[in-house]
Asker: 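Questions regarding the structure given below will be posed in turn.
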Amino acid sequence: MPIFKLFTNLPKSQIPTDFVNKILPVLSRTVKKPAHLFICMVSSDCSLSFGGNSTDPSAVATLESIGNFGVEENRLIAKEVTEFIEKELGIPRDK
Ligand SMILES: O=C(O)c1cc2cc(O)c(O)cc2[nH]1
């Protein structure tokens, strides 16, 4: 089971309830594993400091998967996931 975990200082009220499912096609396509295998979780309201700033909306994520994680895959996954998070949650991709 590949596992995606997102931690953010956004309040729960600003996380669409379907976010954990909407991100599955992005993960499935980039990690090259079927969507039904993924565990995806979001932890909101985190106390999170990004470069000393704990007030701007920001997030950190981890993705665990066995295989399919070369240098190029890694770049693609990071790009697509950060773009998706920016679009869905309004967190800039560099935050
Ligand atoms: O990609 C998998 O199949 C996968 C990733 C992953 C990570 C993890 O922490 C587990 O305990 C199992 C596992 N399977």
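Atom set for the values below is all heavy atoms of this structure, side chains included, hydrogens, waters and symmetry mates excluded. Counting starts at 1 for both ligands and their atoms, following the listed order.
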Asker: Under a 3.5 Å distance rule, please check whether Ser28 uses its side chain to pair with a backbone N or O of Lys33 as donor and acceptor.
Answerer: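 Yes.
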Asker: Main chain of Val26, side chain of Thr30: is a donor-acceptor contact present, judged purely on distance under 3.5 Å?
Answerer: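 Yes, Thr30 side chain to Val26 backbone: donor-acceptor pair under 3.5 Å.
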Asker: Is Glu86 salt-bridged to Lys95, going by a charged N under 4.0 Å from an acidic O?
Answerer: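 Not counted as a salt bridge, because no side-chain N and carboxylate O are separated by less than 4.0 Å.
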Asker: Is there a salt bridge (Lys or Arg N to Asp or Glu O under 4.0 Å) between Lys79 and Glu83 once you walk through the steps?
Answerer: CA-CA 6 Å; Lys79 178 178 182 294; Glu83 285 176 0; 3.1 Å; yes
Asker: In terms of residue, atom name and distance, what is the protein heavy atom nearest to atom 8 (C) of ligand 1?
Answerer: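 For this ligand atom, the closest protein heavy atom is Glu64 OE1, 3.2 Å.
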Asker: Show which atoms of ligand 1 fall inside a sub-4.0 Å distance from at least one heavy-atom site of Lys33.
Answerer: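 What qualifies from ligand 1 is 1 (O), 2 (C), 3 (O).
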Asker: Using distance alone, determine whether Ile3 and ligand 1 share an N or O pair under 3.5 Å.
Answerer: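 No: no nitrogen or oxygen of Ile3 is under 3.5 Å from one in ligand 1.
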Asker: For atom 12 (C) of ligand 1, what's the nearest protein heavy-atom neighbour? Residue, atom name and distance, please.
Answerer: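 Answer for atom 12 (C) of ligand 1: Met1 O, 4.2 Å.
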